[in-house]
Amino acid sequence: MTEISFELDGEQVTTNVDPKTPLREVLRDEFGKKGVKSSCDSGRCGVCTVHLDGDAVKSCLVLAPKADGRTVTTIEGLAGETDDLHDVQQAFLDKFATQCGYCIPGMIMTAVDYLEDGEYSGERAEIESALKGNVCRCTGYEKIVDAVEEVANSRS
Amino acid sequence: MTEYLKPVDRESARRYLDEHRDSAKIVAGGQSLSLLLRQGLLDPDVMIDISDVDEFSGIETGPDRVSIGAVTTYEQLESHPVSSTVETLGDSVDVIADRQVRTAGTIGGAISHADPSLDIVPPLLCLDATVRIGSVDGERTVPLEEFHDGYMAADLAQNELVEGITFDGSASDWESNYAKHSRVSGGWATVGIASRVRTTDDRDAFTDVRIAAAAVGDTAVRLSSVEDALIGEPTDRETVADAASNATADIDPLDDLSGSAEYKKHLARTLVERSINRTVDRTGGVR
Amino acid sequence: MSRLRRDERTVQRQSERVVGSDVPKIDAEDKVAGDARFGSDLEPDDVLYAAVLYSTRTHAEIDDVDLSPAMAIDGVECALARPDFMGKFDDRVRHYGDVIAAIAATGPETADRAVNAIDYDLTPLDAVHDAREAVDGDAPTVHPNNLDIAQHAQHDFTIENENYTKNIDDYHELTVGDPDRGFEEADHVVTGEYTTPRVSHCNLDTHCTIAEWDDDTLVLTETLASHGRSQREIAGFLEIDPERVKIKEPPSASSSFGGRSLRKLTVEPVAASLAREVDRPVRLQLDREREFVSTATRHQTQFTLETGITADGEITAMSVDVVTDTGAYPNGVGHVVLKNSRDRPLDVYRIPNYEYEGVAAFTNNVPGGEYRAIGSTQLTFALESHLDEVAARAGLDRITFRRKNLVEEGYVRPHTEVPIGSCGVDDCLERGLRRFEELERDETGDPRITRGWGVAVGAHPTTSGATSEDSSEAILTLTADGTVTAHTGAVDQGQGIDTVIAQIVGHETGIPTSRVDVEPFSTTDRFADHLGSIASRSTYIIGAAVRDAAIALERELHDRAASALDVSADAIEIQDGVAASPNGEGIPVEQLLSPTDGDELEVYGSASSTETPVSYGAHFAAVEVDVETGDVDVLTFVASQDVGHAINPKMIEGQLEGAIQHGIEFALYSELQLDRGMPKNANLADYPVISPKEMPEDVACEIVESNEQSGPYGAKGVGTPSMPPVAPAIMNALADATGNRFRDPPIDSETVYTELSSEDRR
């Protein structure tokens with residue numbers, strides 16, 4: 001077993017893991033972060049997307065020891081200490097971007113990464129490229145792209 | 001239980017690997033590795049994560065060479081000026097998988113994985129890139145074209161690891177491109193073609209041509225039949241189309257889920273033509 | 001606690017204050033915050049984890065299963081071989097992914113290890129993988145004809161066709177008028193053959209159930225959209241009393257598209273058997289490969305269509321022949337495919353002479369199952385492709401030809417006595433075309449690019465039509481904190497029915513939707529809804545029951561407020577949860593609870609309908625084809641859909657946009673590929689699901705309101721009816737762009753390229 005310590009949604013945590021374990025399993029099973037979803041097992045769907053030191057990664061493709069000494073943010077910690085929603089979360093709500101909602105945590109984490117990267121045009125085609133690693137089965141993506149576009153425009 | 005080692009310098013990385021050899025697996029970004037572990041195709045006793053090794057990280061540009069460390073991520077490459085100056089690199093990174101995978105996936109990990117469908121390899125082949133390989137015995141270099149010596153196979157001894165890749169990216173008179181076909185955006189390449197050319201000053205004839213292809217056989221390959229047919233020839237579209245038809249001479253694709261061998265041969269010809277034309281267009285030449 | 005029945009003073013309120021507006025989804029905040037918990041997120045402390053030994057053979061006898069090596073592993077609590085499962089399991093496996101044995105252990109890894117330790121012997125049997133071959137007398141037997149394993153829609157049938165002798169799940173035929181004469185009278189007769197793909201729902205949350213026995217009652221915690229049917233089917237299969245099966249919904253339901261309507265033999269009966277044996281709750285979750293091969297796909301279906309028309313484009317006769325692949329086990333859905341294929345042409349077009357024959361056959365393939373507009377999606381692809389071919393043969397404009405033959409309100413279809421109620425199909429065509437023309441693009445001028453456009457009309461009924469009457473009940477409970485809880489048979493799998501219910505309650509009572517909670521019936525509720533959220537019936541029939549209850553609640557609150565404020569009931573206006581008299585005096589509704597109510601006021605509502613209103617759509621697609629690679633890009637898509645009345649327009653757009661996604665996949669991308677029953681792409685790396693990049697650049701939704709008299713506020717179904725026209729609109733655009741008709745979707749780039757480059761191109 002390998003001991004790992006990292007900051008998880010604002011809290012310092014430590015655990016022992018089999019180093020072959022993906023971060024996703026540690027977040028869900030060890031720390032109860034069920035907001036991090038689990039679906040495809042092939043790295044395609046993106047529902048398990050979290051931020052590692054602020055960058056979106058698929059937590060099923062990141063070995064747990066890679067989180068050691070770093071900061072992991074999940075959808076549950078995105079808004080920080082406040083009770084308010086993050087503006088991207090609010091835009092998803094306002095734009096009717098959720099249906100079943102299973103893809104939404106990962107989708108929002110990718111969208112936030114895109115919007116906080118510093119350089120974006122906010123054009124729909126660019127947003128679509130940014131989100132293509134996150135599968136949604138319900139919405140046809142239209143209202144999800146609407147939501148990200150709205151935040152992109154409001155921030156620029 | 002698997003041991004996870006995290007060397008912070010080159011010497012300890014090399015030493016760990018030398019100690020554990022075939023029971024060890026090098027971890028870079030882990031984007032392919034974690035799938036192999038999940039599927040039970042790999043079960044190493046020791047994992048050596050080299051992502052904290054400074055010597056393996058980042059991109060150095062000198063007057064006549066570019067050196068990319070093994071644990072440099074696609075994202076780091078994408079945001080580095082070399083992706084603009086060597087456009088085939090930028091084109092390629094832009095169509096690899098998705099944002100999250102590019103954030104974590106590394107150049108060295110990809111090259112070591114040796115999958116013939118990797119998009120990053122054809123551009124590097126067109127750059128005549130050299131793989132820097134390390135071990136306790138020191139460093140040796142191998143041309144990338146020779147490094148991948150079979151399907152998912154690489155010229156690496158049990159105590160050797162890929163530490164970086166080096167190429168000459170200095171010549172500003174080269175133009176380049178990467179053209180890819182895939183079933184869905186971000187998916188594996190059905191065929192991918194990189195091209196890199198240099199033309200005469202008035203841009204009407206090819207002086208140097210390098211073409212490489214992914215997903216057309218056991219390894220990514222240079223298409224020398226196309227290159228030979230173009231060097232010294234005019235840059236007009238008819239000449240390019242004629243030369244592109246030679247693409248099938250250097251490839252041996254298989255039927256698989258992404259398409260039949262016949263279709264891939266056709267795509268190779270089409271994408272070679274398109275890629276070269278885009279490259280020539282980038283020279284700004286009047287055609 | 002007192003309960004009220006609706007009195008006779010029901011008032012039809014036409015206020016637009018809540019119904020008809022874009023009320024934000026009431027479950028959205030939990031979902032964006034990451035607080036929503038789905039079935040697979042639930043892991044109770046005392047639960048055991050199941051792992052299943054699945055067959056990699058498509059047809060075999062189970063000779064011997066030695067569970068002792070598995071039982072020897074520490075942490076394994078129970079191991080069962082298939083013949084020892086409860087109920088109707090036998091000693092044979094019939095498809096890749098069928099169940100051989102199962103383990104329950106203290107942890108998932110232990111269970112997986114134990115499954116790998118099981119020793120077993122199978123004797124392979126001859127297998128059949130094509131539905132047309134399966135019905136032949138020489139084919140291996142998968143099941144006897146009309147096998148009964150307690151599936152719904154089981155019915156007697158007589159087969160006239162002597163070529164159909166064995167492996168028959170279901171059979172339907174219908175003759176209307178005189179088809180022979182109809183074809184003789186035709187100036188043009190066109191025949192075409194079409195096949196449809198085995199498409200997977202690819203729900204992101206994989207199937208997961210927690211089975212637990214409370215004495216003799218089985219409690220299943222999972223998303224199952226049709227509780228009533230699932231209870232009966234599971235109980236029937238397990239050979240227990242249907243009253244002894246209870247279904248508990250997880251806090252958030254997972255998406256379905258039909259994939260979670262009904263039980264899966266590989267899921268609930270297996271978990272129930274383990275839980276019974278070990279007398280503890282057992283959690284069984286499928287991994288992604290099992291989700292593809294051990295649940296169900298859309299029925300792979302083969303169509304032969306023949307149509308006769310006069311020179312000026314009037315349909316004189318049509319013949320439809322259908323062979324559909326039920327796969328390895330019956331689930332009542334083969335019947336639905338055949339029935340919907342049979343009726344759909346007659347619901348859309350005036351066809352005086354019609355003949356239909358359909359057979360659903362057992363094969364050793366992954367089972368077929370429910371998927372968004374069962375049968376209608378397949379038939380509509382074939383029919384609308386075919387009608388384009390018919391129009392082309394006769395030299396007729398595609399839209400004019402369709403319009404000439406479309407049904408309209410009041411038209412009595414030849415196969416049913418019931419005249420068509422609301423029918424917005426012509427409006428759909430007109431408004432859809434107008435919008436489509438607005439979105440037309442300039443030509444590229446690139447010789448490698450060819451463009452085309454397509455249109456398709458489609459229809460699908462609201463409610464399943466399985467019985468002559470559909471009904472539902474609802475309970476509203478007003479509590480002292482001023483909130484109303486609606487208990488109904490609905491399951492909100494993302495379509496937004498909970499929000500619709502909150503809107504209806506708010507609309508009728510004047511209590512804000514933010515103070516309305518919506519819950520599925522609990523396992524102890526004594527109220528009934530037989531079908532749940534399937535067949536686009538939720539808004540139509542459950543919504544009507546909620547409206548009935550809400551009106552009763554509103555009347556009661558008015559009466560009580562009138563007494564309290566000493567004015568007449570008619571003078572009371574409830575807004576924002578406050579009942580006010582004309583002189584401005586107000587009283588919050590929660591203060592209208594009386595001591596005799598106890599803590600809450602419970603109101604009952606119900607609704608029933610003998611109608612199965614048809615929802616129509618006319619969809620338009622523009623595609624661009626790269627002739628050198630065969631790549632097809634859907635540039636523009638307009639979904640013009642008759643929804644009766646739009647209770648929440650934004651949510652309707654969401655349904656239409658989702659249907660476009662699934663339709664594009666059906667047409668151009670997605671198919672579970674089987675090679676003699678063995679899957680080739682049962683994972684999300686190889687099976688293409690589309691990303692936003694594959695969606696059309698321009699997507700437009702036109703919402704047509706035809707005011708369905710039998711529906712609440714005029715509403716009828718939208719989720720399933722929006723699906724059928726999508727794929728044929730795209731396929732017709734592809735034919736228009738290339739001059740080539742593709743009849744066997746999904747059509748990938750290679751197929752397009754190969755066809756366009758072939759020497760003998762038509």
Side-chain angles (χ1 to χ4, degrees), chain A residues 28-29 32-47 74-79 85-86 88-109 124-125 127-145 147, chain C residues 22 24-25 27-38 40-43 108 201-206 252-257 287-289 291 492-496 648 650-651 653-662 664 683-687 689-695 697 699 701:
Chain A
R28 277 179 65 84
D29 301 341
K33 294 286 182 186
K34 302 287 189 187
V36 179
K37 298 304 178 195
S38 166
S39 173
C40 78
D41 291 336
S42 59
R44 167 71 187 94
C45 77
V47 300
T74 77
I75 187 73
E76 297 179 29
L78 182 62
L85 295 174
H86 186 280
V88 177
Q89 290 172 316
Q90 187 65 45
F92 271 60
L93 191 154
D94 294 341
K95 290 290 178 182
F96 289 75
T98 69
Q99 286 192 31
C100 93
Y102 200 81
C103 72
I104 293 298
M107 195 71 83
I108 288 177
M109 295 312 282
R124 282 186 85 85
I127 294 168
E128 288 166 5
S129 292
L131 299 179
K132 72 183 176 189
N134 291 77
V135 173
C136 171
R137 299 298 300 153
C138 301
T139 63
Y141 304 101
E142 287 298 309
K143 302 209 178 321
I144 289 172
V145 177
Chain C
D22 294 327
K25 295 192 73 190
D27 56 357
E29 187 162 343
D30 270 358
K31 287 175 176 177
V32 300
D35 294 337
R37 294 293 175 265
F38 298 82
S40 64
D41 294 329
L42 306 180
E43 296 179 70
H201 317 82
C202 293
N203 286 307
L204 290 175
D205 195 18
T206 60
S252 286
S254 309
S255 67
S256 173
F257 315 113
D287 66 16
R288 183 51 58 183
E289 187 192 357
E291 191 70 15
D492 194 333
Q493 301 152 309
Q495 79 278 44
N648 188 316
K650 278 283 174 205
M651 294 201 315
E653 286 177 16
Q655 290 299 298
L656 297 177
E657 289 157 359
I660 293 167
Q661 176 183 2
H662 284 237
I664 290 173
N683 62 74
L684 278 180
D686 294 323
Y687 180 103
V689 290
I690 66 172
S691 80
K693 299 301 281 183
E694 285 77 32
M695 284 293 287
E697 282 161 52
V699 172
C701 300

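Model, not experiment: these values are computed from the prediction. Quick note: numbers below take in every heavy atom, side chains included, and nothing from hydrogens, waters or symmetry partners. Throughout, protein chains are lettered first and strands after them, A, B, ... in sequence-line order, and every chain is numbered starting at 1.
- Minimum interatomic distance between A/Lys143 and C/Gly654 (heavy atoms only, all atoms of both residues): CE-N, 4.0 Å.
- Going from atom OG of C/Ser255 over to atom OH of A/Tyr102 covers 10.0 Å, rounded to the nearest 0.5 Å.
- Of the atoms belonging to A/Arg124, not a single heavy atom falls under 4.5 Å from chain C.
- Between C/Asp287 and A/Asp41, the shortest heavy-atom contact is CB-OD2, 4.4 Å.
- When heavy atoms are compared at a cutoff of 4.5 Å, A/Cys45 approaches chain C solely by way of its side chain, counted from C-beta outward.
- Residue contact with chain A, scored on non-hydrogen atoms closer than 4.5 Å, involves the backbone and the side chain of C/Leu204 alike.
- Sparse packing is recorded around CD of C/Glu29, with 12 or fewer heavy atoms of other residues, nucleotides or ligands lying under 6.0 Å away.
- With respect to A/Gln99, the side chain to side chain donor-acceptor pair (under 3.5 Å) criterion is satisfied by exactly one of C/Gln655, C/Glu657, C/Lys25: C/Gln655.
- Looking only at side-chain heavy atoms (C-beta outward), C/Asp41 and A/Lys37 come within less than 4.5 Å of each other.
- Separating the CG atom in C/Asp27 from the SG atom in A/Cys100 is a distance of 10.0 Å, to the nearest 0.5 Å.
- Heavy atoms closer than 4.5 Å to chain C are found in the side chain of A/Leu85, but not in its backbone.
- Note on C/Met651, C/His662, C/Glu694: by heavy-atom pairs under 4.5 Å with chain A, the leading option is C/His662.
- With chain A as the partner, the residue from C/Cys202, C/Ala659, C/Gly496 showing the most heavy-atom pairs under 4.5 Å is C/Cys202.
- Taking chain C as the reference chain and counting heavy-atom pairs below 4.5 Å, the highest number among A/Ala97, A/Gly101, A/Ser39, A/Gly35 is found for A/Ser39.
- With rounding to the nearest 0.5 Å, the separation of SG in A/Cys40 from OH in C/Tyr687 is 14.5 Å.
- Contact record, A/Phe96 with C/Asp22: CZ-O, 3.5 Å, taken as the closest heavy-atom pair.
- Classification of A/Glu142 and C/Lys650 as a salt-bridged pair fails, no side-chain N sitting under 4.0 Å from a carboxylate O.
- Both the backbone and the side chain of C/Ala685 have a heavy atom closer than 4.5 Å to some heavy atom of chain A.
- Using a 4.5 Å cut-off between heavy atoms, A/Ser38 contacts chain C through its backbone alone, with no side-chain atom that close.
- Options A/Leu131, A/Ile104, A/Thr139, A/Asp29 differ in how many heavy-atom pairs under 4.5 Å they form with chain C, and the most are formed by A/Thr139.
- For chain A, the nearby part of C/Gln493 is the backbone; its heavy atoms alone come within less than 4.5 Å.
- Each of A/Glu128, A/Arg44, A/Arg137, A/Gln89 has some count of heavy-atom pairs under 4.5 Å with chain C, and the biggest count is that of A/Arg137.
- If you measure heavy-atom distances from A/Val47 to chain C, the contacts under 4.5 Å come from the side chain alone.
- Note on C/Arg37, C/Glu289, C/Glu291: by heavy-atom pairs under 4.5 Å with chain A, the leading option is C/Arg37.
- Between atom SG of residue A/Cys136 and atom CD of residue C/Gln661 there is a gap of 6.0 Å, rounded to the nearest 0.5 Å.
- Electrostatic pairing of C/Glu43 and A/Lys34 counts as a salt bridge here, judged by a charged N lying under 4.0 Å from a carboxylate O.
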